[in-house]
Amino acid sequence: MSAAAALDTARPALPVLQEKGQREVFCGLTGIVWLHRKIQDSFFLVVGSRTCAHLIQSAAGVMIFAEPRFATAIIDERDLAGLADMNDELDQVVDRLIARRPDIRLLFLVGSCPSEVIKLDLSRAASRLSRRFSPAVRVLNYSGSGIETTFTQGEDACLASLVPILPAEAPNAAKSLLVVGALAEVVEDQMARMFEIMGVGPVRFLPPRRATDLPAIGPGTRYLLAQPFLADTARALEARGASRIAAPFPLGEEGTTLWLQAAAHAWGIDPDRFQAATAIGRERARQALARYTGRLTGRRVFFFPDSQLEIPLARFLARELSMELVEVGTPYLHRQHLADELAMLPPDTRLSEGQHVDRQLDRCRAEKPDLVVCGLGLANPLEAEGLTTKWSIELLFTPIQGYEQAADLAELFARPLVRRARLEV
Amino acid sequence: MKLTVWTYEGPPHVGAMRIATAMEGVHYVLHAPQGDTYADLLFTMIERASKRPPVTYTTFQARDLGGDTAELFKTSAQEAFDRFQPQAMLVGASCTAELIQDDPGGLARALGLPVPVVALELPSYQRKENWGAAETFYQLVRAMAGPSAPPPGSQRPARQPGIRARCNVLGPAALGFRHRDDVREITSLLNRMGIDINVVAPLGATPADLARLGDADFNVVLYPEIASQAAAWLQRMFGQPMVKTVPIGVGATRDFVREVAEIAGVDPTGILSAETSRLPWYSRSVDSNYLTGKRVFIFGDATHAIAAARIATQELGFTVVGLGTYSREFARELREAAKLYDVEPLITDDYLEVEEHVVRLQPELVLGTQMERHIAKRLSVPCAVISAPVHVQDFPARYSPQMGFEGANVIFDTWVHPLMMGLEEHLLTMFRDDFEFNDDEAPSHLHNAGAAPMRAEETVVPAVAEAAALTTDRPVLWAQEAERELKKIPFFVRGKARRNTERFAEQAGLNTITIETLYDAKAHFGR
Ligand code: SF4
C-alpha cells in the first residue's frame, strides 16, 4: 500500500455530483493528435465521416509541420447505399496509403460513430489487411468513437489494442516494470534514469516509440500507470498476467515521489537507496514550485471535465500550491485507479462526473473562481465574461509529469493569472 | 470511401452553425455525439468569438442507442428553448444522427414551441459545409420572409421618386474569409452611392430582420457560395433583382458599381471617378515591372479563386498557370474562368491532388487557402492566402477587407509582400557568389529571413518524391561544371531549371548534362 493511501483510507468516499446532459468534450479520435507523433512508424486511419476528419484537423490546428501520420477514409453515400462494398473500398484506401507511406509498420484502423452505428467490422478488416501486408505492416483496430469514448479514452482504446500483440515474456523471466501511458520523450528518459538509479528494472514503456519495439509482457510484469485514463488497457494487461502497482499519478513533487516509491516498494528497494535516488529531484522540484506558491496560494480553481487528469491535477494544486478547489469535474471517474488520488483530496472537495454544460456554466459563473480549467470551446467565451481560463488540452501536449516538470505544470496554471494581472487594456 | 488527409470543408452541419452563429436570436439543436462539440472551437478559437455558438448538442452515447435517443432530443430541444429563448430554432442531425433516423424536425414539431422551428435536412454523406450554410440560410429566409411574400405574379411597386434605393447585403457569415471587413467596406461604398442598407444577413441579423428582407429594392450577393440560393428565391418571390458581380479587385469593383447603379437607378460616374484604390498606380509604377509574368497557381472557394485570377492577370500582370476550386457547386463558373486564362480547371477537394498540381506546375507564387500555404511552405514557394478554410491568422486585428477599393489595396500588399523585391531578385541573380548571399536567403523584409527555408528541389514529401521520380528515374547525369553553373541560379527558380533541363535532356536523348545543355534548355523553355 502506498503512503498516500495510508494517509486517509478510512474516511468516507467523497460525494460525487452525477451530471447528465450536453457533454462539451472531444471524442477519442482526438488522441490521434499526439499518438501519431509518439509511435513514429505508425499511421492512424480513421474510418468515419467528414465530421471525424474535420475534428482531428481542427484539434491538431491547421499548423502542420510535417505530413501527418493520420488520415480519414470518409464513408460516402455510395458506401451506405450498398453500391460499393465497404470492405473493398477500405482495402483500396489502405493500398493507396501504404503505397504512399512505405515507412509505415503499424496501421491502426480507428472506428468512429458512423462506423460503429453501421456495424462495420473493423477487427475483421484489420486481420484481413494484416495477413495481406504481413510481415511489413501490422494492422490493428480500435474505436475512438464519440458514442463510446471521451477524449483521452481514445489513447486507452489504442493502447488496449496493442496489448494482445505484445510478445510474451519467457516463462521464467525476471520481474519487469511496464510504464503505461504516452509520455513526452524527455519525461520517459528522466523516469528511466530514476528507476535505474533506484535499481528497479528492467523498465519498458507502452506505447513504445517504434512499433517494431514492442515490450514483452507476462506474469512477471508489474505495470505502473502514468496516466489516469487507462482502464481498458489495464484490463487487457491483467488478462496477459501483468499486475498493477497501485499509485497516485506522477504529477507534482509529491505525486512523482509516491509514484516512484510504489515501484520501489514492489522491487523491495531499501528506503535509504530510494531516498538517495530521489533526494535531488525532490529538492529541485520543491524549490522550483516555491516560486509559484505566492502566485497561486488561496486562488480558487474550477475544473470542467475533459481529460480525466482533473483529479490528479486538483490534488497537486491543492496540496502543493495550496489552491482552493471549487469544483473538480471529470468525464468519468475510475474509483479504483484513482483511489490514492481521491484519498489525498481535501475532504470537502466537490466532485462532478459526466456533464450538463449549461448547468455547470451556471455553477461556475455563480462561484466566480480565479481560474477555470476548460476545453477550447469554452475558454474564450469565459474570458470574455471576465473569468480567467487555462485550456485543458495544453496539459496533454506539454511534458508535465516528473520532478523536473513539476514547476512547468505550475507555470501552466500561473501564467493566465499573471497575464490577466499584467494587462491594463 | 475516400482517403482524406486534410479537408477544405467541414460537414454540412458546420455550415449551418456558421449561419446560426453569425445571427442573433437563433438557436440550433443538433442531434450529435459528444465529439461533434469540437465545432465550437472553430468559432471560439479561430474567430475568437466572445460567445459560445448558439448550439445545443444532444451528445447521445452508445448506451442511449438501445434506449430512447428521440426522447433525449426532445428534452435537449425543450431545455435549449427554455434557457435561450430564441426567436427561431434550427433543428437537425449530424452524420451519426442521420444514421439513427430520429427525425429531429418531427420531434421538434411535437414540442409545439411558440417560435418558428426550421428543420434542416443536410445529407452529411453527400454534401459539405458551404452547401450546408447555403441551405440553412435559404431555409431560414424562406421560413421568416415567406409569410410576407406578395401573391405570385404581383408587380413590385415602383420606388417613389426622392426615396433612396434600399438593398440587402447577403452572404456574410461566421468563419468567413474577411466577411466582417468586407461588409463594412461594401456598406460604405453603397452608402456613398446613395443607397441604403435594408438588412445585412446572416451576419448580425435576427430572424425578425429576415422577415423584412422583402422591403429592399434589390439584393447584393457578396458570397454566392452562401447566399445565391436564398437570393434566387427572393428574386422569384419578391421580384428583387440581384447584383451578381462580386467586388473583389479594382475591375470587379468598378463593374459592381456599374451593376448596382443600373439596378438602383443611380449615377455611377461620381463614385467611379473618385475611386480610392492605389492598386492601379502601384501596379503601373516601374518597380512593379518585376511582377510581369510571374507564374501563379490559384486555388480556393470558387468566388475568391475566380476573382483572384482576374486580379492576377489584369491588375498585376501575372500569368495564371493553374486555377482550381474545392467548391463543386460552382464548377461550371470556374471552368468558364479557366478558359479565359487557357488553363486546365482543377475541381477537387483532394488536398493530395492539389499538391501534385502545384509540384507539377512549379508556380512562382501560390494564391490559395491555408492548405496551399502548407504546400507552398514545403516547396519554398511564396504564398498568400485568398480564401477559406480559415485560420486564426485570417482574422487580423486591423481592418483588412478583400472587397471594394480598399480590398484591392489590401490584396496588392498581401500578394506582393511574399515575393522578392525587384532589385533584390536581380542582385541575387547577378552575384551568386557573394558570401552573404546563400541559398537559404529569404526575402530580406520577411521575418524569417536568415532562417533556413526548405528548398523545393530537396524537400522530400511523398507526393513530391513521386512527382520527382518521374524525372529522376532516368539516369541523366549532370556534369560537374553544369552542376556548378546550376548553383549560380537563384534557389527559388533552380528547382524549375533543374527539372526543365533534365526534361530537355531526356527529350533530346542526352545522357549527360553539360553547361551547353543547361543553356540550350534555357533557350528552349524561355521564361
Ligand atoms: S464524435 Fe463520432 S462522429 Fe463525431 S468526430 Fe468523433 S467519432 Fe466522428
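So that the names make sense, note that chain A is the first sequence line, chain B the second, and so on, each numbered from 1.
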request  = Answer yes or no: are there more than 12 heavy-atom neighbours, outside B:Trp131 itself, under 6.0 Å from its atom CH2?
outcome  = yes
query = Has A:Gln18 got more than 12 heavy atoms of other residues, nucleotides or ligands less than 6.0 Å from its CD?
reply = yes
At a 4.5 Å cut-off on heavy atoms, which part of [X] comes close to chain B: side chain, backbone, both, or neither?
X        : value
A:Thr149 : backbone
A:Ala73  : both
A:Asp103 : neither
A:Leu382 : neither
A:Ile74  : both
A:Val25  : both
A:Arg359 : both
A:Leu361 : side chain
A:Val94  : neither
A:Asp362 : side chain
A:Val47  : side chain
A:Asp76  : both

Below 4.5 Å, heavy-atom pairs only: which of [options] has the largest tally toward chain B?
options                              : answer
A:Leu29, A:Leu90, A:Leu45, A:Thr150  : A:Thr150
A:Pro114, A:Cys27, A:Cys52, A:Ser145 : A:Pro114
A:Gly146, A:Ala384, A:Pro381         : A:Pro381

Select, from [options], the one with the greatest count of heavy-atom pairs under 4.5 Å involving chain A.
options                             : answer
B:Ser76, B:Cys95, B:Ala80, B:Pro389 : B:Cys95
B:Met45, B:Arg63, B:Arg83           : B:Arg83
B:Val5, B:Leu42, B:Leu72, B:Thr59   : B:Thr59
B:Pro53, B:Ala62, B:Ala49           : B:Ala62
B:Gln34, B:Lys2, B:Glu79            : B:Gln34

Verify whether one side chain among [X] and [Y] offers a donor that lies under 3.5 Å from an acceptor in the other.
X        : Y        : answer
B:Asp36  : B:Ser94  : yes
B:Asp394 : B:Gln370 : yes
A:Asp306 : A:Ser392 : yes
B:Thr369 : B:Glu372 : yes
A:Glu19  : A:Ser352 : no
B:His31  : B:Thr58  : yes
B:Tyr38  : A:His54  : yes
A:Glu24  : A:His356 : no

Give, as side chain, backbone, both or neither, the part of [X] having an atom under 4.5 angstrom from any heavy atom of chain A.
X       : result
B:Leu65 : side chain
B:Glu9  : backbone
B:Arg52 : both
B:Tyr8  : neither
B:Val14 : side chain
B:Thr56 : both

task = Test side chain to side chain donor-acceptor pair (under 3.5 Å) on B:Asp40 and B:Tyr57 and set out the steps.
result = CA-CA 10 Å; B:Asp40 284 356; B:Tyr57 306 80; 2.7 Å; yes
query = Under 30°, 30 to 60°, or over 60°: which ring-plane class applies to A:Tyr332 and A:His334, parallel, tilted or perpendicular?
reply =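 Judged by the thresholds at 30° and 60°, the geometry between A:Tyr332 and A:His334 is perpendicular.
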request  = On the 0 to 90° scale, with breaks at 30° and 60°, tag the A:Phe108-A:Phe44 ring pair as parallel, tilted or perpendicular.
outcome  =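 A:Phe108 and A:Phe44: parallel rings.
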query = With a 4.0 Å cut-off, would you call B:Lys51 and B:Glu24 a salt bridge?
reply = yes
query = Quick check: does any side chain N or O of A:Ser161 sit under 3.5 Å from a backbone N or O of A:Tyr142, one acting as donor and the other as acceptor?
reply = no
